[in-house]
Amino acid sequence: MPSNPFPLSKERLLEVYRTMRTIREFEERLHVDFSRGDIPGFVHLYAGEEATGTGILCHLGDGDRIASTHRGHGHCIAKGVDVGAMMKEIYGKKGGACNGKGGSMHIADLSKGMMGANGILGAGAPLACGAALAAKYRNKGEIAITFVGDGASNQGTFLESLNLAGVWNLPVIFVVENNGYAESTSRDYAVSVDSFVDRAAGFGLPGITVDGTDFFAVYEAAGEIIRRAREGGGPSLLECKTVRFFGHFEGDAQTYRPEGEIENARANIDCLKKFAAQVTSQGVISAAELEAIDKSVLALIEDSVVKAKAAPLPTEADLTTDVYVSY
Amino acid sequence: MSNITPIVMPKWGLSMKEGTVTSWLVTEGTNITVGMPILDVETDKIANAVEAPDAGLLRKIVAHEGELLPVKALLGVMADTDVSDADIDAYIASYVTPAVDEDEADAAPTTLRLDVGDISVRYARRGNAGGTPVLFIHGFGGDLDNWLFNIDAVAEKAEVIALDLPGHGQSTVRLPGTSLADMANFVARFMDAINVPKAHLVGHSMGGAIAAQLAVTQPNRVESLTLIGSAGFGDEINSSYTSGFASAASRKELKPLLEQLFYDPSLVSRQLVDDVLKYKRSDGVEQVLKTLSEALFPGGRQSEKPGLKLGEAGKRVLMLWGSDDKVVPAAHAKNAPKGATVELFDQAGHMVQMEKAGDVNRLLVAHVTA
Amino acid sequence: MARKISIKQAINEAIDQEMTRDPSVIMMGEDIVGGSGSFGEMDAWGGVLGVTKGLYAKHGSRLLDTPLSESAYVGAAVGAAACGMRPIAELMFIDFMGVCFDQIFNQAAKFRYMFGGKAQTPVVIRAMVGAGFRAAAQHSQMLTPLFTHIPGLKVVCPSSAYDAKGLLIQSIRDNDPVIFCEHKNLYAMEGEVPETSYTIPLGEANVVREGKDVSIVTYGLMVHRSLEAAATLAKEGIEVEVVDLRTLSPLDLDTVLDSVTKTGRLVCVDEASPRCNIATDISALVSMHAFSALKAGIEMISPPHCPVPFSPTLEDLYIPGSDRIADAVRKTLQKGKK
């Protein structure tokens, strides 16, 4: 039996792989089903960025809160939201995570600390400050995390939140998922600084940049700043450089991306491939064990789609419920 | 002009400053007798008929319908036929409404406050000390304003005290207990606190049952009893009123309930409903009322009937009931103790002391001064 | 015991009592304490008009001065509400809503619905509304219609000290987001207020004056202008009923319809700009639900369709006065069926 050089037990490594694989297969399946016209509205897929969400969120418990983005499926799965309920929601069905009233952009599960994907870019940052403030009053060492893309990092809400978090010394982490594109606009065009760490410094917060496609790099950096936040050390910014395998939304022809960029990313900087290579090369986990997970994940996704398609649609009676607690 | 008797705007209750003449019930030339309803007046609290305090021939109506006038304003003039019209006109022209003395009002606060244990009690005290005072005890959900038409009238003849029971009116929202004994003991402690060893108790509805309870268990504290629409004399009680009153949350729910209290539902003014709503919306009141209602009136039955033991207490008892009482049936008057004086009023509901204030006050004064 | 206090004191007392009763109630806003981080006095301001003065001494760190950063702190209040707190965020002037509106109408208002009924956001956003303070176009607006338009928000605008305390306590205890609009020109108005805590349900209008001839439906400062008009008209023998809506969402349409059914004539008075405001809304609803009860066309009194001006001469012309309201009442009586 070879020794385990990783900071996680074999069981935890298997769990992490299962989470990342679940996100990947969930998004790949949506890509196919959406193009077939099975899914209403629009979806923004997280494939390629799994190591970022997973490497950060595997540090959290249900009492920790996250505020996500429009590209939120990966954050939901990594935070423990039920995949079947997510799929039903994306299909607009009763029994979905939001009973079909939110859809892809608004999946939430407060019981898991998932405060919602969000259709307004940058809106999650103040909400996470509020969650962190609530945690501070509760005084149980809970924290909050908000995700933004490189694009939404330009929003006033995000920058104001960096300041507020610093002023109130909130246990909140600002994660910039830098996939290089704000919709179709390059990060190099739309962001005035070279490094997001400089932006953090502008508000007096510590910042760190990591390779978001390397699970272990993300895991380690996130672990450090999360521990600090839990201990009262205050907020930090974590930039994860990552890659988007699909377009901004499904149906995006992505003509703004250079030829070969996506193929190259899938071949050479696929976070799942990297993770598999790392753990198998050290002999901690066998290829067969990973394949078994792949198989069960595919079955889970297939099952979630079958059940989502079979689930009842909301009825007229559902149209005006849940607007208020009481009215 | 000494033969001219004025009819003036009455002062009902502790806070009335003005009233609107809604309609005259008599015409010029009517021979008015004492106690005759002569006109309807509406205040911000309640509408009611003014009963003639004096007898005489109504010569001239001065206040017209719809007029808003201060307390003691001249409403009409009575005089014998031998007084000339010119003298009457001169009287009216020279009549000056006595100003409401704000200083006097400030010097004598309308209500007082006293801590009895952990409960702060609001109460009113009127009239001259000396002799045995009259203590008014309101009913379930009520307060000392239920004696609006009685306090000042009785205070002319005897010292009068009226309290807000615990959890009621503006006393602390907390109960000393949920049994009649708990409430009666509290009243006794209140009497101790204001140095009243013994009183004529006047109780309305639940307040009647509390008074009866005190007479049975601490007879030395009670001089006489006047029980109005009293609980504690039979099984039935209108549970749609008691439990409905406890839970009613809006004007819409409350108004029809309050209308059940009166023979004439039009007496329930918007202000009356608002005042009750204000009380009911205080933190804890709804719970207090529910607790009390469930303890004393579970499922439309009265759980305690101290009235049935009153015979042993040997007190003088005056029982007054509206024959249209929709809360506690007037039939319970048949269980009055031997020797009690029982009076039933036609065209009166549960709030007899308001609807038949003049008659009630006369009987009450006679009873406590006997 | 009831005693006379101002609306300002009533609001302070409501917050004080709820903070004492419920440890999850916190409050944040610009200068609500005043002096944070300075070397001088803490609680220097207690809010820009002193409404929260004295609360810091009792509740300390549960009152938070914020940076001038409405998006961040209003959003933080919304986020904390979704995580089990009952925050009160003070937005100094409702006009500042422009910089944080997303957090209110896309976030707070929509969580419950978007999340399928699985979230609640018990946040209260207090803000000063209304003209008459010589504060010009960006500090004087009556933006109540904007919020009333948004499903998921409740909108409250008290006109008396008694209502202010009871409605604010209810708003704090309410599990939905509430926009609590305080008219800056009513802060000093006094009224009888019980010392104990009490609530007034949201969605219950109040008939502040009864009358049989014409109904005036209004809220906020205009309640008092309307009462002045009613007093003038009473001398002419016209009995006006004045309905104070108190909450604009939920709306107590029943009380409005009851009143109009009784009088047959309606004047809607609103301090908000005239297009798509509360007056137009009430007029439309009454026309739809009680057309047959109307004896004359409905009158609406609002300011002109222009920003609030600065010059006192112009501002006084801008704000509807009791004379305009009384004229509108007379007009409804002159036209239509007798």
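These numbers come from a predicted model, not from an experiment. By convention in this document, chain letters (A, B, ...) are assigned in the order of the sequence lines, proteins followed by strands, and residues within each chain are numbered from 1.
Per-residue counts of heavy-atom pairs under 4.5 Å with chain C were compared for A:A123, A:C129, A:G102; the largest is that of A:A123. With respect to chain A, the highest number of heavy-atom pairs below 4.5 Å among C:V99, C:L202, C:N175 belongs to C:N175. Residue with the most contacts toward chain C among A:S326, A:A108, A:G156: A:S326 (heavy-atom pairs, distance under 4.5 Å). Comparing A:V325, A:D109, A:N118, A:V323 by how many heavy-atom pairs each has under 4.5 Å with chain C, the most go to A:V325. For the options A:V167, A:D318, A:L319, heavy-atom pairs under 4.5 Å to chain C are most numerous at A:L319. With respect to chain A, the highest number of heavy-atom pairs below 4.5 Å among C:C83, C:G117, C:P122 belongs to C:C83. Chosen from A:K101, A:E89, A:R65, the residue pairing most often with chain C at heavy-atom distances under 4.5 Å is A:K101. Among C:V74, C:N106, C:L64, the residue making the largest number of heavy-atom pairs under 4.5 Å with chain A is C:L64.
Of the atoms belonging to C:D102, it is side-chain heavy atoms, and not backbone ones, that fall under 4.5 Å from chain A. Only the backbone of A:A97 comes within contact range of chain C, with heavy atoms under 4.5 Å apart. Of the two parts of A:S111, neither the backbone nor the side chain holds a non-hydrogen atom closer than 4.5 Å to a non-hydrogen atom of chain C. Using a 4.5 Å cut-off between heavy atoms, C:I26 contacts chain A through its side chain alone, with no backbone atom that close. C:S249 touches chain A through backbone and side chain together, each having a heavy atom under 4.5 Å away. Contacts of C:K154 with chain A are made by both backbone and side-chain atoms, with heavy-atom separations under 4.5 Å. The contact between C:I150 and chain A is made entirely by backbone atoms, counting heavy-atom distances below 4.5 Å. Contact annotation for A:Y324: both backbone and side-chain heavy atoms come within less than 4.5 Å of a heavy atom of chain C. In this structure, no portion of C:S24 lies under 4.5 Å from any heavy atom of chain A.
In terms of heavy-atom proximity, C:V124 sits nearest to C:S171 at CG2-O, 3.3 Å. Taking every heavy atom of both residues into account, C:Q103 and C:G75 meet most closely at OE1-CA, 3.2 Å. The two atoms that bring A:G53 and A:H75 nearest to each other are CA-CD2, 4.4 Å, heavy atoms only. When all heavy atoms of C:A119 and A:L110 are compared, the closest pair comes out as CB-CD2, 3.8 Å.
For A:K307, the NZ atom is loosely surrounded, since the number of other residues' heavy atoms within 6.0 Å does not exceed 12.
Here the side chain of C:R246 pairs a donor or acceptor atom with the backbone of C:E204 at under 3.5 angstrom.
Aromatic pair C:F96/C:H139: centroids less than 6.0 angstrom apart.
Here C:R62 does not pair with C:E18 in a salt bridge; the nearest charged N to carboxylate O distance is not below 4.0 Å. Using a 4.0 Å cut-off between charged side-chain N and carboxylate O, A:D82 and A:K112 make no salt bridge.
The shortest distance between side-chain heavy atoms of A:L30 and A:Y46 does not fall below 4.5 Å.
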*Any chance you could lay out the side chain to side chain contact (heavy atoms under 4.5 Å, CB included) test for A:L60 and A:I145, step after step, and finish with the verdict?*
CA-CA 10 Å; A:L60 303 192; A:I145 293 182; 3.8 Å; yes

